[in-house]
S.K.: 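Got a structure for you, questions after.
The structure displayed is predicted, hence computed values, not measured ones. A, B, ... follow the sequence lines: proteins, then strands. Residue 1 opens every chain.
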There are 2 protein chains.
Amino acid sequence: MNIYRYEQNPLVTPAAVKPHRDDFEVIGAFNAGIAEYNGEVIMLLRVAERPISPDPEVVLAPVYNVDTKELELIPVRKDDERYDLSDPRVIILKEYAPAFQYLTSLSYLRIARSKDGHNFTIDEKPFLYPSESLETFGIEDPRITQIGDTYYIYYSAVSPVGIGESLVSTKDFVNVERHGMIFGPDNKDVLIFPERIGGKYYALHRPTTKSVGRPEMWIAESDNLLYWGNHKHLIGLRDGMWDSGRLGGGAVPFRTERGWLELYHGATLDHRYCMGAVLLDLNDPSKVIARSVKPVMEPEADYEANGFFGGVVFSCGVLVDGDRVRMYYGAADTSMACAELSLQEILDSLEEV
Amino acid sequence: MNIYRYEQNPLVTPAAVKPHRDDFEVIGAFNAGIAEYNGEVIMLLRVAERPISPDPEVVLAPVYNVDTKELELIPVRKDDERYDLSDPRVIILKEYAPAFQYLTSLSYLRIARSKDGHNFTIDEKPFLYPSESLETFGIEDPRITQIGDTYYIYYSAVSPVGIGESLVSTKDFVNVERHGMIFGPDNKDVLIFPERIGGKYYALHRPTTKSVGRPEMWIAESDNLLYWGNHKHLIGLRDGMWDSGRLGGGAVPFRTERGWLELYHGATLDHRYCMGAVLLDLNDPSKVIARSVKPVMEPEADYEANGFFGGVVFSCGVLVDGDRVRMYYGAADTSMACAELSLQEILDSLEEV
């Protein structure tokens, strides 16, 4: 696979993003939803900010309070034996492990814009910020599906009661209409197809199950984008392969002559995240036609291998123009980068299933 | 609370149910969906059957094979150290604990009928049997919502990829139309309201979350019963109380003058299952008005305290006639029983929240 990583990579780094509060630091600007609007490439960044703790022995957990409309900073002492702080992203109360009690950072969505797709300017203010009870721990990993002149933006809404997927829409990336939580917890990595297929809308989704089952990709259908049903299991983990530990949708699926192409992420049990592809039937996307045996892209560049959570390439959106696939992706849960790939090469690399 | 348990309790026991195969034994006939049809009370039993193992050192796990349309019996040696068999209901591969690998029994749905609501006759054949890939481990805990002349039956569909809630419908309890999985995994304890409210259908549901959150009750809305969205968290666990460990919907909610009354189950962390009540706003059931501080009913009779899984009362349906609430319920994951309660007493026992 020929991969052309942009010379400007990483295109956006935490250092380039001004924190939204003086007492916070930006630790990630990554996993952006991608759209084209008004002649510009829009990167809808997931910005993760961490409260700066005045006491090095205390971690501050940011939680949005829906009543006061303010962030609360919950102090957790590093020597408090009730907590497990070994994963830098989460604070686990050992009694409820592996479920987490708090996150160590707050994520929200912020726009970066570019005329050429290489050089981005970051908006001063957040575009979408936690504002309701299902978002008090933050909003993460947005994807954008354009249908007509409407951009549907959906993201993981995180709160003490679970992680689900919520939907908003906009026509101008200024005014936003909220549509509530479309996939209840535990669910993330939702990808809405950009057109009706046989009269129905479809979405990929990734339940995280506890009773039985593993983190795998499902598909659901809808007639209005708000209500979803007819859930079916789509693709599963493959022992010994690059997607043996977990997988989920990545970029918004797009139409090719041979089928709907979904560039998805898969990880090994030791958390190395690659991008691969699955091809779905044009008339019935619940049918799998072909799939990557080897990843389409692996974390190899320095900014992909090292960062807040190293060894990760994670795309939430691509721009496709003929044979050229511009895959924007989060690198190491830290920055945004872009790589160009050949659509034909991706399709040729897939093996029928 | 005055509770009148029927003298005939338990009304249906495993001994009264003929297994559907000679090499199986019935270990449970419980957690039945309830309906009135054609002048009879219908109990749609969850029947759990276990393969009789010829070797006492081997447990046989029943799994439906969608290709051959036959059950496979997977042998697991009790001395195989890869497995944890301490919970008699499940076979856990320690590597993936606490998720289970197999169930030790297969559940399916079977009808019991009664003219008087006390004495039931059990159909010879299963009414609904596992038949597709999302049901290969069985189908459990049905509920029935009657809307017009249609009975909507929904149940936990269990398979290696997760536990979700699937929907079928019937007009005659003979012919069945399938509508697929309406709530993806992990989810169970769905309860569909029996009429539109403000133009929308509503359902309670109970996600089981892994990342964050506990087993609590949510509510969703729909315009066609097939596709669901606008998920909201409804009620949570209460430390130190009867519903401190897990909770979920029980009986189909019904309209009262003061609100929608939902009789739900709650359990402590040591798995003692009681029934309690929550009252929801008549015009917006996502608003909680009042809730039981003490259970409405606790497992006290011998057949509730002792059985396959003792200390459980678990209702999936009630019949309401004026002040009389006939609550049919599963006892000890083994049998079916019925108790009569006063609607007024239940309502008077609730505390506003």
S.K.: Taking side chain as everything from C-beta outward and backbone as N, CA, C, O, which of these in B:Ser159 sits under 4.5 Å from a heavy atom of chain A? Side chain, backbone, both or neither.
M.R.: backbone

S.K.: State which residues pass side chain to side chain contact (heavy atoms under 4.5 Å, CB included) with B:Ser169; sequence neighbours excluded, sorted by chain then number.
M.R.: B:Thr150, B:Tyr152, B:Glu177, B:His179

S.K.: Residues of residues 209-216 of chain A under 4.5 Å from chain B (heavy atom pairs)?
M.R.: A:Thr209, A:Lys210, A:Ser211, A:Val212, A:Gly213, A:Arg214, A:Glu216

S.K.: Where on A:Tyr96 is there a heavy atom nearer than 4.5 Å to chain B: the side chain, the backbone, both, or neither?
M.R.: side chain

S.K.: Check each atom of B:Pro160 against the heavy atoms of chain A and say whether the ones under 4.5 Å are side chain, backbone, both or neither.
M.R.: backbone

S.K.: Non-hydrogen atoms of chain B under 4.5 Å away: do they reach the side chain of A:Leu134, the backbone, both or neither?
M.R.: side chain

S.K.: Most heavy-atom pairs under 4.5 angstrom with chain A, which of B:Ile182, B:Val161, B:Ile92?
M.R.: B:Val161

S.K.: Atom CD of A:Glu132 and atom NZ of B:Lys232: how far apart are they, to the nearest 0.5 Å?
M.R.: 9.0 Å

S.K.: Please report the shortest heavy-atom distance between A:Pro185 and B:Pro207, naming the atom on each side.
M.R.: O-CB, 3.2 Å

S.K.: Mind checking which of residues 220-230 of chain A sit less than 4.5 Å from chain B, heavy atom to heavy atom?
M.R.: A:Glu221, A:Ser222, A:Asp223, A:Asn224, A:Leu226, A:Tyr227, A:Trp228, A:Gly229, A:Asn230

S.K.: Below 4.5 Å, heavy-atom pairs only: which of A:Ser133, A:Gly180, A:Gly162 has the largest tally toward chain B?
M.R.: A:Gly162

S.K.: Any chance you could measure A:Glu165, atom CD, to B:His231, atom NE2, to the nearest 0.5 Å?
M.R.: 11.0 Å

S.K.: What parts of residues 193-206 of chain B touch chain A if we use heavy atoms and a cut-off under 4.5 Å?
M.R.: B:Lys200

